[in-house]
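Predicted model only: the values in this text are computed from it and were never measured.
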Amino acid sequence: MQDDHPTADWQSKASQAYAGADIPMTPKRLEVYTTLLRAGQALSAYELIDRVNLNFSRQLTPISIYRMLEFLEQKHLVRKLKSAGKYVAINPTTQATDQQVLQFLICRECGDVKELGIDQRILVELKACIDSSGFQLKNWELELDCVCTNCSTHCGADTRK
């Protein structure tokens, strides 16, 4: 995910947001979050373990990383991208508004992920179409399969796939 803000600023906001919470933002959780921020793309739990172990000289186990990721998801700092089976850090300074709902654009070539606020009216229209087709919407999250501008230009990616 491309940073719009420095990593240290995101770390600070994440730590401040959960100071004094029932379950604190521990140094290990902050390291996991920081690693996702620095990655610049979505990572699997095992890729995350490798990077945390390398960058912070930790020996994390799969069960501990999944617990930390679950905590970070509950605090809206991390989202699991179901289509990729990977995790991405969410910018704590970007929040959904009454008019917009955060969604994700995922580059199929490089794995870059970008948060995008989609006008809630579009989603309401989409829900109406789904309802009229005899289905019920169970999840508002969209993960849109895309090709980023960089990959499209440099690799000549076919965007019609």
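- Between the CG atom in Leu116 and the CD atom in Gln103 there is a gap of 8.0 Å [rounded to 0.5 Å].
- A donor-acceptor pair is defined here as one N or O able to donate and one able to accept, closer than 3.5 Å; no such pair exists between the side chain of Gln74 and the backbone of Phe71.
- Atoms CD and OH, on Glu70 and Tyr87 in that order, are 9.0 Å from each other to the nearest 0.5 Å.
- At a threshold of 4.5 Å between non-hydrogen side-chain atoms, the residues Leu105 and Val113 do not count as touching.
- Here the straight-line distance linking atom CG of Leu48 with atom CG of Leu36 works out to 4.5 Å at 0.5 Å rounding.
- By the rule that hydrophobic residues join a cluster once side-chain heavy atoms approach within less than 4.5 Å of another member, Phe56 and Leu54 end up as members of separate clusters.
- Taken from OG1 in Thr34 to CZ in Arg51, the straight-line distance is 13.5 Å, to the nearest 0.5 Å.
- Evaluation of the side-chain hydrogen bond (donor to acceptor under 3.5 Å, both in side chains) rule for Lys28 yields no partner, not counting sequence neighbours.
- Under the rule for a side chain to side chain contact (heavy atoms under 4.5 Å, CB included), the partners of Cys148 that lie at least two apart in sequence or sit in another chain are Cys107, Cys110, Asn150, Cys151.
- A distance of 11.0 Å separates CD1 in Ile122 from CD in Gln120, rounded to the nearest 0.5 Å.
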For residues 59-67, which side-chain N or O atoms pair as donor and acceptor with protein atoms under 3.5 Å away, sequence neighbours left out?
unit_1	atom_1	unit_2	atom_2	d
Thr61	OG1	Ser64	N	3.3
Thr61	OG1	Ser64	OG	3.2
Ser64	OG	Thr61	N	3.1
Ser64	OG	Thr61	O	2.8

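- Residues passing the side-chain hydrogen bond (donor to acceptor under 3.5 Å, both in side chains) test with Asp50: none are found, sequence neighbours excluded.
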Just list the side-chain donor-acceptor pairs under 3.5 Å for residues 77-86, sequence neighbours left out, or say none.
unit_1	atom_1	unit_2	atom_2	d
Lys82	NZ	Glu141	OE1	3.4
Ser83	OG	Glu143	OE1	2.6

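- Between Leu43 and Gln41 the shortest side-chain heavy-atom distance falls below 4.5 Å.
- Distance CZ/Phe104 to NZ/Lys114: 12.5 Å, rounded to 0.5 Å.
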From CA spacing to verdict: side chain to side chain contact (heavy atoms under 4.5 Å, CB included), Asp145, Ile106: CA-CA 5 Å; Asp145 183 20; Ile106 306 166; 5.8 Å; no

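- Across Ile90 and Tyr33, no two heavy atoms sit closer than the pair O-OH, 3.0 Å.
- Under the rule for a side chain to side chain contact (heavy atoms under 4.5 Å, CB included), the partners of Phe135 that lie at least two apart in sequence or sit in another chain are Ile130, Ser133.
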